[in-house]
Amino acid sequence: MLFGRGKKNPIKIADKKVKEWKYATCGYCSTGCSIEVGLNSEGKAVSSRGVGSADVNRGKLCLKGLFEHELFDSAGRGSEPKIRDSFHDEWRVTDWDTALDRTYSEIRRIQEKYGRDSVAVISTGQMLTEEFYTLGKLTRGLIGTNNYDGNTTLCMASAVSGYKRSFGSDGPPGCYEDFEHTDMLIAWGSNLPEQHPIIYWRMKEAQEKKGFPLVVVDPRVTMLAQNADRHLTITPGTDVVLMNAMMHVILDEGLEDRRYIEANTNGIEELEAEVAKYDPKMAQKICGIDEDTIRIIARQFAKADAAMQIWTMGINQSTHGSDGVVGINNLALLTGNIGKPGGTSLSITGQCNAMGTREWSSCSGLPNHRYLENEQDRIDIAKFWNVDVDFFPTARGMFQTDIYQAMELGQIKGLWLIATNPLSSLPNTARIRKAMEQLEFCAVQDCYEDTESAQYAHVYLPAGTWAEKEGVMTNTERRINLVKPIVKPHGNSKPDLWIFNRMAERFNTEGKVNFPEKAADIFLEMGELSKGRLSDNSGMTHELIEKYRGIQWPYTKEQAERGEVPPKGGVRLYTEDATFRYPDGKAKLIPLPFIDNNEVPDEKFPYWLNTGRLIEHWHGRTKTGKLSNNNKYSPIPFAEMNPDAAKELGVLSGDYIRLVSRRSDAIVMAQLTHRVPKNMVFVPFHFHDCVNRLTLGLLDPHSRQPAYKQSAVRIERIEDQQEAARLSMEMRKF
Ligand SMILES: Nc1nc2c(c(=O)[nH]1)N[C@H]1C(S)=C(S)[C@@H](COP(=O)(O)OP(=O)(O)OC[C@H]3O[C@@H](n4cnc5c(=O)[nH]c(N)nc54)[C@H](O)[C@@H]3O)O[C@H]1N2
Ligand SMILES: Nc1nc2c(c(=O)[nH]1)N[C@H]1C(S)=C(S)[C@@H](COP(=O)(O)OP(=O)(O)OC[C@H]3O[C@@H](n4cnc5c(=O)[nH]c(N)nc54)[C@H](O)[C@@H]3O)O[C@H]1N2
Ligand code: SF4
Ligand SMILES: [Mo]
């Protein structure tokens with residue numbers, strides 16, 4: 001008899017009295033889980049559940065998706081447009097016309113006075129694709145500033161740049177199903193179980209069935225590293241050296257795939273000459289991985305029938321971010337691991353729709369991976385939008401990270417910020433604050449009114465969020481999935497698409513450019529523009545996407561007309577010889593000389609500051625900080641600190657400590673753990689600017705992405721713990 005079992009009360013799941021379930025795609029991370037939100041008889045969202053028939057998540061959701069329905073009416077949501085003359089003044093509530101007129105007239109006033117490019121528009125990876133496309137049309141076609149970029153420069157820029165350099169185009173070649181076919185997986189700087197929990201579940205299930213070895217490259221003992229066959233605790237910022245040394249071994253021992261290299265690549269001689277310099281004996285001194293391990297991993301990788309690599313911010317957010325991506329691609333190309341089941345280099349994307357913005361926002365160029373630098377692209381889009389081709393600049397403007405420096409110098413006087421919060425997320429926030437103070441005009445368009453950045457705004461435009469709106473998003477594996485309006489936007493807030501369309505009316509004085517009102521129509525317009533291109537989605541409609549719970553691009557009009565059912569999960573790019581996007585169809589093998597240009601620990605600042613994320617929180621916590629089921633796990637800023645380091649400094653677990661960098665200082669609670677080595681602290685960047693006031697954020701030369709994960713700090717013990725607690729609270733208020 002099972003002792004005591006009969007006496008226990010069975011677990012009861014509260015009946016939420018759901019009357020109707022409505023379909024959407026999760027609006028947090030780029031995994032792209034299909035979700036259904038339950039509405040009660042009053043139309044209130046009361047529950048969320050995963051969609052069983054969706055190939056991505058097969059009924060599962062993580063902690064964030066499970067409570068996503070609580071977002072709609074959470075604290076801090078903006079409900080009315082607001083306006084003020086100076087950011088020192090109190091806000092006044094106003095109506096939409098006044099707020100939009102003011103934004104329009106200030107943008108035009110500044111452009112007339114200081115030139116077209118003196119206004120910057122900064123967007124995001126957290127809107128719907130039709131919204132990106134519309135904003136791009138408005139900004140490129142009517143407003144006419146070239147300083148238009150998105151927060152993806154903080155996130156995916158290195159992946160985009162690396163894919164373009166290697167393959168001639170952006171676009172991740174693999175898919176989640178590759179986990180089921182691979183014989184070896186290397187994860188570079190990615191904490192999959194916490195940051196993409198459902199991709200992790202897909203990987204883990206495949207691994208349990210197939211038993212492939214998992215190698216994790218990360219300076220910290222992440223949850224993924226704990227599950228790895230080998231964990232390589234790399235010296236921060238030196239992944240490229242390890243990659244070069246692995247290529248050295250592969251080429252030295254003749255383990256490369258000569259047939260694949262001949263048929264598909266250019267540049268093998270130059271690559272060979274460079275990696276010859278990276279003998280594992282020499283490399284180990286720089287990257288901290290011993291020579292035997294380097295050789296073993298290189299051999300195992302090259303000999304696997306199919307070998308797969310994934311990576312996230314540990315690679316992208318570095319001064320060698322773009323080179324790191326190219327290095328991953330080099331390894332894949334040398335061993336013929338692109339475009340085959342289980343053989344791929346798959347960048348794990350960040351935000352829910354970072355892919356959509358890459359494809360359609362026109363941030364770095366023109367829609368659907370077209371370039372401002374390409375005359376034919378300019379002509380095609382000008383004709384399609386009915387704008388004068390000479391209105392387009394002939395080269396891309398500043399990256400987001402350069403825009404703030406231009407604000408500091410007074411080159412940029414006006415800013416329209418959409419769904420991004422630079423005062424918590426950009427490096428060295430003291431500089432960002434100074435830059436924002438220089439502005440003559442700033443409009444912030446956000447679904448929350450209590451963001452750090454809104455403090456510097458003259459106009460606040462309250463936006464709807466996630467499933468208060470309609471449109472599509474693209475996930476990590478190129479799957480386009482649908483979000484439907486489940487509830488009405490909070491208060492008097494409006495969908496971003498509505499806001500862009502109303503702004504467009506003001507700029508579209510001659511009425512030449514067409515701005516459809518409905519997301520489904522805009523999607524069809526985009527389909528036209530995608531025909532015959534790498535990311536062709538002309539066969540898709542909103543209805544078809546919902547029916548199949550997401551469709552991967554490419555899916556063409558011809559496929560749809562033939563009645564071809566969209567493939568379920570195995571869509572790959574570059575599956576045949578010489579199908580890369582350079583003119584001769586070949587990919588490039590690119591040599592990667594390594595120059596150590598990071599801020600590194602020294603006597604004055606002896607600890608690495610490593611930064612990143614936690615499973616329960618989302619970025620600046622505008623969302624998750626308000627939901628008790630998320631916030632309760634980590635409500636206050638903390639640093640992971642090694643117990644041996646703490647002992648030397650006399651720091652006890654739970655003590656407040658002061659972290660000091662060359663930029664500023666921050667007070668956080670010490671959490672003692674062996675997850676970090678003795679010379680490192682790891683601080684999640686979720687708590688206002690407690691991390692980014694410290695970071696240096698040197699920029700990658702190709703992608704302009706900041707090196708968020710390599711800065712140096714010292715740790716100071718604080719005598720007066722009560723005062724420290726008070727100061728830490730103060731900092732939280734910002
Ligand atoms: N819960 C949750 N999920 C999220 C997000 C969130 O805020 N919360 N954000 C989403 C977004 S936008 C993104 S971009 C992704 C980010 O997803 P990840 O990149 O997986 O997350 P991070 O914690 O930023 O960093 C990953 C790891 O990089 C390691 N790292 C640091 N320096 C180096 C280095 O020099 N080399 C190597 N190899 N590794 C290094 C860190 O130790 C860390 O464990 O997550 C997405 N998913
Ligand atoms: N130290 C350190 N800093 C980092 C990173 C790191 O690893 N370490 N990671 C970097 C990365 S990868 C990223 S992606 C960035 C993210 O940096 P941010 O873009 O600043 O991230 P969020 O805090 O998510 O800001 C998004 C804003 O959009 C609002 N929002 C959400 N949905 C909508 C919507 O539908 N419409 C509108 N109008 N607003 C909406 C939210 O309320 C929020 O204020 O941070 C970067 N900063
Ligand atoms: S894994 Fe990502 S997409 Fe899926 S429920 Fe969690 S946050 Fe949402
Ligand atoms: Mo990101």
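Throughout, residue positions are numbered sequentially from 1 according to the sequence presented. Because only heavy atoms are used, hydrogens play no part in the values below, and waters and symmetry mates are left out as well, while side chains stay in. First listed ligand is number 1; within each ligand, the first listed atom is number 1.
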S.K.: Closer than 4.0 Å to some heavy atom of Asn610 - which atoms of ligand 1 meet that?
M.R.: 31 (C), 41 (C), 42 (O)
S.K.: Would you say Thr124 touches ligand 2, if touching means a heavy atom closer than 4.0 Å?
M.R.: no
S.K.: Using a heavy-atom cut-off of under 4.0 Å, does the side chain or the backbone of Ile615 touch ligand 1, or both, or neither?
M.R.: backbone
S.K.: Using a cut-off of 2.8 Å, count how many protein N, O or S atoms are strictly closer to atom 2 (Fe) of ligand 3.
M.R.: 1
S.K.: Could you tell me which atoms of ligand 2, counted from 1 in the order shown, lie closer than 4.0 angstrom to a heavy atom of Gly620?
M.R.: 23 (O)
S.K.: Provide the number and element of each atom of ligand 2 under 4.0 Å from a heavy atom of Trp618.
M.R.: 24 (O)
S.K.: Measure from the ring center of Phe132 to the ring center of Trp360 and say whether it is less than 6.0 Å.
M.R.: no
S.K.: Please confirm whether Lys469 comes under 4.0 Å of ligand 2, counting heavy atoms of the residue only.
M.R.: yes
S.K.: Find all atoms of ligand 1 within a distance of less than 4.0 Å from any non-hydrogen atom belonging to His196, and give their numbers and elements.
M.R.: 15 (C), 17 (O), 45 (O), 46 (C)
S.K.: For atom 9 (N) of ligand 2, state which one of Gln317, Arg77, Met127, Met313 supplies the nearest heavy atom.
M.R.: Gln317
S.K.: Among Arg613, Glu194, Met156, His320, which residue places a heavy atom closest to atom 23 (O) of ligand 1?
M.R.: Arg613
S.K.: Out of Ser425, Cys690, Ala419, Pro684, who gets a non-hydrogen atom closest to atom 17 (O) of ligand 2?
M.R.: Ser425
S.K.: Only heavy atoms count here, so choose which of Asn421, Val683, Asp446 is nearest to atom 43 (C) of ligand 2.
M.R.: Asp446
S.K.: Can you figure out which of Thr465, Asp450, Leu71, Thr622 has its heavy atom closest to atom 32 (N) of ligand 2?
M.R.: Thr465
